[in-house]
Undergrad: 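Handing you a structure now.
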Amino acid sequence: MDGYPRTLHYVKQDASWEGEGPSHSSARNSYLNHRPMADYQVQKNEGKTNLIINYLPQNMTEKELYSMFVTIGPVESCRVMKDFKTGYSYGFGFVNYSKAEDASRAIGTLNGLQVQNKRLKVSFARPSGEEIKETNLYVTNLPRNITEQYLDMLFGKYGQIVQKNLLKDKLTGMPRGVAFVRFDRRDEAQQAINSLNGVIPENGTEPLVVKIAEEHGKQKAAYYAGWQAGYNQSRGSQQQWHGEGDVLAAVQSPSTRYKEFPGELVWHMENF
DNA sequence: ATTGAGCGC
């Protein structure tokens with residue numbers, strides 16, 4: 001028990017929330033007309049100043065984030081989470097207000113705001129702890145005729161699905177039988193593993209494989225993207241890399257990488 | 001073999 005009531009309330013929300021364009025439907029289902037919001041976000045918001053901002057555009061900086069949120073009120077600190085070495089943004093961040101009323105107002109006015117190709121999600125940050133780690137599941141051996149609705153049916157009964165991504169073949173557009181399902185809490189994800197791993201679904205023939213998604217895969221992607229950005233910048237985008245060997249060799253060789261990608265910064269009022 | 005980015009110093 002984390003001390004928070006699990007009852008869900010319903011809060012009005014723009015019906016057409018999407019993380020990106022039509023081809024990216026992963027975030028869609030979590031943001032239907034009435035988005036469930038846990039009690040602690042509705043009731044116990046007195047004294048809460050710290051917000052988590054999801055679906056930041058890839059190139060949004062801390063300074064830009066600050067500029068956007070300081071329009072509501074004084075900001076104590078502001079950060080975009082990035083790969084430490086490359087500076088590659090993980091697409092989310094935190095804004096801590098000086099006053100709780102401003103945090104509430106920021107949710108009211110900035111949640112759902114379209115910024116470039118993304119729609120920001122603004123909500124109260126939770127205290128970090130074990131119960132909100134390892135919530136993202138990697139699922140394989142799904143039936144090839146799988147739909148998002150069926151994914152919801154399969155996984156939805158074990159907890160609140162925050163986000164899901166049904167992977168499709170790039171050429172044919174057909175489901176690959178692979179999906180990611182992110183739950184709100186660790187125990188929900190674990191319950192889904194316990195109940196569904198090794199189970200053959202009604203319209204399937206193979207036993208599902210359900211496990212915690214690897215998170216270090218993204219480190220490599222960040223490295224790759226960060227290196228590519230730096231490389232293209234210094235070479236005027238004229239040359240291409242040819243393979244992963246080239247990338248790793250370049251990253252590991254002595255360079256000014258750390259100057260080009262200073263890593264994480266926290267912006268405070270005194271920076272302005 | 002694992003996406004885009006939902007919990008950090």
Side-chain angles (χ1 to χ4, degrees), chain A residues 2 4 17-21 23-31 35-38 40-41 48-60 62 65 76-84 86-96 103 107 111 115-142 148 151 159-170 175-186 188-189 209-222 224-226 244 263-268:
Chain A
D2 58 7
Y4 295 127
W17 188 312
E18 292 174 15
E20 284 190 9
S23 62
H24 290 257
S25 56
S26 58
R28 188 177 301 150
N29 210 319
S30 302
Y31 307 107
R35 185 166 63 86
M37 198 179 244
Y40 63 86
Q41 299 208 322
K48 284 189 172 291
T49 58
N50 196 23
L51 302 179
I52 182 168
I53 322 302
N54 291 305
Y55 304 106
L56 296 176
Q58 175 52 230
N59 54 20
M60 178 174 270
E62 263 151 9
L65 187 65
E76 200 272 324
S77 67
C78 169
R79 131 171 294 181
V80 172
M81 302 312 295
K82 312 166 204 165
D83 180 85
F84 184 76
T86 65
Y88 188 79
S89 170
Y90 291 152
F92 70 98
F94 298 90
V95 172
N96 194 17
I107 293 176
N111 184 34
V115 181
Q116 298 170 32
N117 59 335
K118 298 289 170 81
R119 281 173 80 86
L120 301 187
K121 185 180 175 190
V122 183
S123 51
F124 287 113
R126 295 190 280 188
S128 58
E130 290 305 307
E131 69 268 17
I132 56 175
K133 299 174 85 174
E134 300 194 338
T135 58
N136 194 23
L137 298 183
Y138 176 64
V139 187
T140 56
N141 282 358
L142 286 160
E148 304 233 347
L151 252 196
Q160 185 185 348
I161 298 174
V162 165
Q163 182 248 8
K164 61 188 186 306
N165 192 7
L166 194 50
L167 301 193
K168 290 169 182 156
D169 185 275
K170 273 180 183 150
R176 294 168 47 196
V178 177
F180 291 85
V181 177
R182 174 164 253 134
F183 281 98
D184 189 50
R185 291 156 39 129
R186 180 185 209 152
E188 297 171 337
V209 175
V210 184
K211 51 184 175 182
I212 303 293
E214 298 285 349
E215 292 297 329
H216 55 257
K218 76 182 180 185
Q219 307 292 351
K220 201 160 113 180
Y224 199 75
E244 201 173 337
E264 299 175 80
L265 294 172
V266 178
W267 287 90
H268 289 272

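Order of the sequence lines fixes the chain letters, A, B, ..., with proteins taken first and strands second; residue numbering starts at 1 for each chain. This one's a predicted model, so the numbers in the text were calculated from it and none came from an experiment.
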Undergrad: Nearest to the side chain of A:I52 - B:dC7, B:dG8, B:dT3?
TA: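 Between B:dC7, B:dG8, B:dT3, the one nearest the side chain of A:I52 would be B:dC7.
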Undergrad: Would you mind telling me which of B:dA5, B:dG4, B:dG8 lies closest to the side-chain atoms of A:Y90?
TA: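 Of B:dA5, B:dG4, B:dG8, B:dA5 is nearest to the side chain of A:Y90.
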Undergrad: With a 4.0 Å limit, can you tell me whether A:K118 has a side-chain N or O closer than that to the phosphate oxygens OP1/OP2 of B:dA5?
TA: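 Checking B:dA5 against A:K118, a side-chain N or O does come within under 4.0 Å of OP1 or OP2.
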Undergrad: Shortest non-hydrogen contact from A:N50 to A:V95?
TA: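 In terms of heavy atoms, the two residues are closest at OD1-O, 3.5 Å.
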Undergrad: Between A:G91 and A:K133, which residue's closest nucleotide on DNA chain B lies nearer the 5′ terminus?
TA: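 The 5'-side residue here is A:G91.
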Undergrad: Please report the closest heavy-atom contact between A:L166 and A:E148, naming both atoms and the distance.
TA: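 What the structure gives for the nearest pair is CD2-N, 3.9 Å.
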Undergrad: For the side chain of A:A213, starting at C-beta, report the closest nucleotide among B:dG4, B:dA5, B:dT3.
TA: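 Selected nucleotide (nearest to the side chain): B:dT3.
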Undergrad: Using whole Å, report how far CG of A:N136 lies from P of B:dC7.
TA: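 Result: 8 Å.
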Undergrad: Just the rounded figure in Å: distance from C1' of B:dT3 to CD1 of A:I212.
TA: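 My rounded result for the distance is 16 Å.
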Undergrad: Measuring from the side chain of A:R79 (C-beta onward, heavy atoms only), which nucleotide among B:dA1, B:dA5, B:dC9 has the closest atom?
TA: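 Within the option list, the nearest is B:dC9.
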Undergrad: Rounded to the Å, how far apart are A:E76 CD and B:dG8 P?
TA: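 Checked: the CD to P distance equals 18 Å.
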Undergrad: Grab the two heavy atoms, one from A:L51 and one from A:F124, that are nearest each other, plus how far apart they are.
TA: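 Closest approach of A:L51 to A:F124, heavy atoms only: CD2-CD2, 3.6 Å.
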Undergrad: Shortest non-hydrogen contact from A:R186 to A:T135?
TA: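 Closest pair (atom of A:R186, atom of A:T135, distance): N-CG2, 3.6 Å.
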Undergrad: Measure distances between side-chain N and O atoms of A:N50 and base N and O atoms of B:dG8, and say whether any donor-acceptor pair falls under 3.5 Å.
TA: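 Answer yes: a donor N or O sits under 3.5 Å from an acceptor.
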Undergrad: Rounding to an integer number of Å, can you tell me how far A:Y138 OH sits from B:dA1 C1'?
TA: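 Value for this atom pair: 5 Å.
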Undergrad: Measure from CG on A:L56 to C1' on B:dC7 and round the result to the nearest Å.
TA: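 Checked: the CG to C1' distance equals 13 Å.
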Undergrad: Please give, in whole Å, the distance from B:dT3 P to A:Y88 OH?
TA: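 Distance check: A:Y88 OH to B:dT3 P gives 11 Å.
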Undergrad: Side chain of A:M81 only, heavy atoms from C-beta on: which candidate in B:dA5, B:dC7, B:dC9 is closest?
TA: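 Given the options B:dA5, B:dC7, B:dC9, the side chain of A:M81 is closest to B:dC9.
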Undergrad: Report the distance from atom CD of A:Q163 to atom C1' of B:dC7, rounded to the nearest whole Å.
TA: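 A:Q163 atom CD is separated from B:dC7 atom C1' by 14 Å.
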Undergrad: Quickly work out the A:I132 CD1 to B:dC9 C1' distance and round it to whole Å.
TA: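 Those two atoms, CD1 and C1', are 14 Å apart.
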Undergrad: Any idea which of B:dT3, B:dA5, B:dC7 is nearest the A:L167 side chain?
TA: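 Looking only at side-chain atoms, A:L167 lies closest to B:dT3.
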Undergrad: Looking only at the aromatic ring of each residue, does the gap between the centers of A:Y55 and A:F92 stay below 6.0 angstrom?
TA: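 No; A:Y55 has its ring centre 6.0 Å or more from that of A:F92.
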Undergrad: A:F92 stacking on B:dA5: centroids under 5.5 Å, ring planes under 30°?
TA: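 It does not: the two rings, one from A:F92 and one from B:dA5, miss the stacking criterion.
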